[in-house]
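One structure below.
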Amino acid sequence: MNKTALITGATSGIGKATALMLAKHNYNLIITGRRLQRLQNFEKELKAKYQIEVLILNFDIRNREETKKQIETLPKNFQNIDLLINNAGLASGLDLIHEADIDDWEKMIDTNVKGLLYISRAIMPKMVERKSGHIVNISSIAGKETYLKGNVYCATKHAVESITKAMRIDMLPYGIKVTSVSPGAVNTEFSLVRLGDKEKADKVYEGLTPLYAQDIAEAVEFAVTRPPHVNINDILIMPAAQANSSYTHRM
Ligand code: NDP
Ligand code: 8X3
C-alpha cells in the first residue's frame, strides 16, 4: 500500500519539488497552500505522471480553526499520514529591527512558527496512536545564524529549530522520526515574497549559483529513504558560493 505524505506550501519552490520527489516514490499526496489554481494545476500534473492519489487542501496555515478542521475532516483514505513536510513559510521584509513593519513580524511568526505548530498538533496524535511517522521541518541557515536585517525571520527559524528538537524528544517513545532540513539561498519565489519586487529578488541570486528547489528535495529524499533504525536529525545545505548567512562569493 502507498504511504501518505502531507506537504504544506506545495504551490511553489521547495514544497512543490518535494511533492514531486515523493510522487516518484509512490507516496499518495496531500498538497496544501492558499493558491487554489496552482494546487489544481499541480494535481493534474501529478496524476498525469504518477499512479498516486492526490488531495488538495486549500487553506491559510495561519488560521488555527481552519487548519484543525482540514485535518479533522480528511477523507478516510488520507487519514493516516506517514510523512509530514512542514515547509510553508516566508520572510516578509528585510529591515533593521527598529524600522521594520510590525505587520511583517506578525506574518512571519504566524506562518513559520504558529502555522507549523497548528498543523503538527493536528497530525501528531494519529502518528502517536499508530506509533509511526516522520516529520520533516524545513528550517533555514537563518535558524542557525542571525544576519543583518534578518532579525525576526531568523527568530522564527530559530524557533523552528527548537520545536524540531522538542518534537524529537517528545516523539521518541513512539518511534516517530523528526528531521530538520536547513537550506541557504534557494532560488524560489522566496525573495520575491520577501522583497515584493522582481528586480530586487533577482539581485539576491546575481553573480552566484544558488541552490534550486530540487536540491532541497534531494536532501529530503535522503532523510526519508533511510532504513527504520536511522534518523537524520539535521541537514544544513548551502550553495557552494555561500559560506554562511553573511558571506557569499559573487562573480
Ligand atoms: P516559496 O515562496 O517559493 O514557497 C513558499 C510556500 O509556502 C508556498 O507554497 C506558499 O503557498 C506557502 N505558504 C506561505 N504562506 C502560507 C500560508 N499562510 N498558508 C499556507 N501556505 C503558505 O518559498 P520556498 O519554497 O523557498 O520556501 C519554502 C520554505 O523554505 C519556507 O519555510 C522558507 O522559509 C524555507 N527556506 C527557504 C530558503 C530560500 O532561500 N528560498 C532558504 C531556507 C529556508 P501559498 O502562497 O499558495 O499559500
Ligand atoms: C532563507 C535563507 O539566508 O535568505 O531562509 O535567510 S536566508
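The first residue of the sequence shown is numbered 1, and numbering continues consecutively from there. Start at 1 and go down the list; that is how both ligands and their atoms are numbered.
The atoms of ligand 1 that sit less than 4.0 Å from any heavy atom of Y153 are 33 (C), 34 (O), 36 (N), 44 (C).
Partners of R168 by salt bridge (Lys or Arg N to Asp or Glu O under 4.0 Å), not counting sequence neighbours: none found.
Inclusion of G33 in the set of residues having an N or O under 3.5 Å from an N or O of ligand 1 is not warranted. Ligand 1 has no nitrogen or oxygen under 3.5 angstrom from a nitrogen or oxygen of L90. Ligand 1 has no N or O atom lying under 3.5 Å from any N or O atom of P183, backbone or side chain. Looking at G9 next to ligand 1, an N or O pair under 3.5 Å apart turns up.
Between Y153 and F190, the distance separating the two ring centers is shorter than 6.0 angstrom.
The closest side-chain donor-acceptor pair between N86 and S120 falls under 3.5 angstrom. A donor-acceptor contact under 3.5 angstrom links the side chains of N41 and Q37, judged on distance only. Side-chain contact annotation: S182 with E161, donor-acceptor N/O pair under 3.5 Å present. A donor atom on one side chain and an acceptor atom on the other are not found under 3.5 Å apart for N80 and D82.
The closest heavy-atom contact to atom 32 (O) of ligand 1, among the options N87, I138, D60, comes from N87. Considering each of G89, A213, S140, G184, the one bringing a non-hydrogen atom nearest atom 42 (C) of ligand 1 is G184.
At a threshold of 4.0 Å, the pair D103-K107 does not count as salt-bridged, since none of the basic side-chain nitrogens sits closer than that to a carboxylate oxygen.
Among protein residues, S140, I141, A142, Y147, Y153, F190, R194 come within 4.0 Å of ligand 2, judged on heavy atoms.
A 4.5 Å side-chain heavy-atom check between L57 and I71 finds at least one atom pair inside the cut-off.
At a heavy-atom cutoff of 4.0 Å, ligand 1 is contacted by both the backbone and the side chain of I61. Counting heavy atoms closer than 4.0 Å to ligand 1, residue Y212 contributes nothing at all.
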